[in-house]
*Asks:* 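Let me give you the structure first, and then I'll get to my questions.
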Amino acid sequence: MNGLLAAIVDDDRMRVDALLAGHVDLVGRLIDKPKLYESSIFHWIYVGDTALHLAAAGYRVEIVQRLLAAGADPNSAKSHRRGSPFHYAADGFISHPSWDPARQVETLRVLLAAGADLHAQDQNGATALHRAVRTRCAAAALYLLSVGADPTRRNKPGSTAFHLAVQNTGRGGSGEGIAKEAQREIVEGFKSFGVSTELKNGKGQSVVDCARSAWVRDILTSHR
């Protein structure tokens, strides 16, 4: 199993092919030790995750395809956080060198075509759309909206993804210029898809009510 995970981190497709040819059962094995991959894949992998989780988190599109063809489950969510490979593909750290928005979207597309649940919720009630918005992955968020992700679905604290889009989500780097530009693109994207700014969260607050920055409120109240 460790050899397969190392090959995924290295994006070594030939080695992945060789390992799967000899041990196709590897795709169903669960990881038994948590690890933060900080090199080319900036993501926590938890006990109960699979090789597909790691490949999805690293946007290893070609390896994701190989694992799926070998029988990997795109909806596996057996860690205590109940995150699926689709959730992991929606995550991103946009200031990290490994982040690639085009490959992120392609990873999501491949998983969705393989039967990933667009509206699956993790332990905190977050969907892939919540995660893409929280991590300011604009291209991923807009792609998810374009394929029918439900913008009204709430996480356990009661927030929709649109509510997260107008607030500081607490993710590191959210105040940086690149994150603010992504936030602008996401907020404008929700509006372009016709999502109401009067959408309510679990506390009865509208999206406009939750906007803390003047520039965000300007976007929300603009009729453009």
*Asks:* Could you tell me the separation between the OH atom of Tyr59 and the CG atom of Asp100, rounded to the nearest 0.5 Å?
*Replies:* 8.5 Å
*Asks:* At what distance, to the nearest 0.5 angstrom, does CH2 of Trp99 lie from CZ of Phe93?
*Replies:* 12.0 Å
*Asks:* What distance do Phe42 atom CZ and Leu36 atom CG have between them, rounded to the nearest 0.5 Å?
*Replies:* 5.5 Å
*Asks:* Between Ala161 and Val133, what is the shortest heavy-atom contact and its length?
*Replies:* O-CG1, 3.4 Å
*Asks:* For the OG atom of Ser84 and the CG atom of Asn75, what is their distance to the nearest 0.5 Å?
*Replies:* 6.0 Å
*Asks:* Would you say NZ of Lys200 has more than 12 non-hydrogen atoms from neighbouring residues, nucleotides or ligands within 6.0 angstrom?
*Replies:* yes
*Asks:* Got a salt bridge between Asp122 and Arg82, using NZ or NE/NH1/NH2 to carboxylate O under 4.0 Å?
*Replies:* no
*Asks:* Where do Arg81 and Trp44 land on the side-chain contact (heavy atoms from CB on, under 4.5 Å) test, with the steps shown first?
*Replies:* CA-CA 11 Å; Arg81 292 176 176 259; Trp44 270 102; over 6 Å; no
*Asks:* Answer yes or no: is there a donor N or O on one side and an acceptor on the other, between the side chain of Gln104 and the main chain of Ala90, under 3.5 Å?
*Replies:* yes
*Asks:* Given 3.5 Å as the limit, does a donor-acceptor pair link the side chain of Lys191 with the main chain of Ile186, or not?
*Replies:* no
*Asks:* Can Arg13 and Asp17 be counted as an ion pair, charged N to O under 4.0 angstrom?
*Replies:* no
*Asks:* Between Arg217 (side chain only) and Arg212 (backbone N and O only), is there a donor and an acceptor less than 3.5 Å apart?
*Replies:* yes
*Asks:* Give me the atom names and distance for the closest heavy-atom approach of Ser40 to Ser98.
*Replies:* O-CB, 2.9 Å
*Asks:* Looking only at heavy atoms, what is the nearest atom pair of His130 and Arg153, with distance?
*Replies:* CE1-O, 3.1 Å
*Asks:* So, His53 side chain and Ser76 main chain: donor-acceptor pair closer than 3.5 Å or not?
*Replies:* yes
*Asks:* Give the minimum heavy-atom separation between Tyr143 and Leu108, together with the two atoms involved.
*Replies:* CE2-CB, 3.9 Å
*Asks:* Step by step, work out the side-chain contact (heavy atoms from CB on, under 4.5 Å) result for Val47 and Ile31.
*Replies:* CA-CA 5 Å; Val47 172; Ile31 293 171; 5.8 Å; no
*Asks:* For residues Gln183 and Val216, report the shortest heavy-atom separation together with the two atoms involved.
*Replies:* NE2-CG2, 4.0 Å
*Asks:* May I have the step-by-step check of side-chain contact (heavy atoms from CB on, under 4.5 Å) for Lys203 and Cys210, ending in yes or no?
*Replies:* CA-CA 11 Å; Lys203 297 179 181 178; Cys210 290; over 6 Å; no
*Asks:* Is it true that a side-chain atom of Asn124 and a backbone atom of Ala126 form a donor plus acceptor pair closer than 3.5 Å?
*Replies:* no
*Asks:* With the 4.5 Å side-chain cut-off for hydrophobic clustering, are Leu30 and Leu5 part of the same group?
*Replies:* no
*Asks:* Surrounding NE2 of His23 (heavy atoms of other residues, nucleotides or ligands, distance under 6.0 Å), is the total greater than 12?
*Replies:* no
*Asks:* Let me see the working for Ile8 and Leu67 under side-chain contact (heavy atoms from CB on, under 4.5 Å), right down to the final yes or no.
*Replies:* CA-CA 10 Å; Ile8 292 169; Leu67 292 171; 4.3 Å; yes
*Asks:* Which heavy atom of Arg154 sits nearest a heavy atom of Asn201, and at what distance?
*Replies:* NH2-O, 3.3 Å
*Asks:* Do Arg134 and Ser159 have a side chain donor and acceptor closer than 3.5 Å?
*Replies:* no
*Asks:* Closer than 4.0 angstrom, basic N to acidic O: yes or no for Glu62 and Arg103?
*Replies:* yes
*Asks:* Whether the side chain of Arg29 engages the backbone of Val27 through a donor-acceptor N/O pair (distance < 3.5 Å, no angle test) should be reported.
*Replies:* no
*Asks:* What distance do Leu220 atom CG and Phe190 atom CZ have between them, rounded to the nearest 0.5 Å?
*Replies:* 11.0 Å
*Asks:* Just verifying a value: how many Å separate Leu144 CG and Leu129 CG, rounded to the nearest 0.5 Å?
*Replies:* 6.0 Å
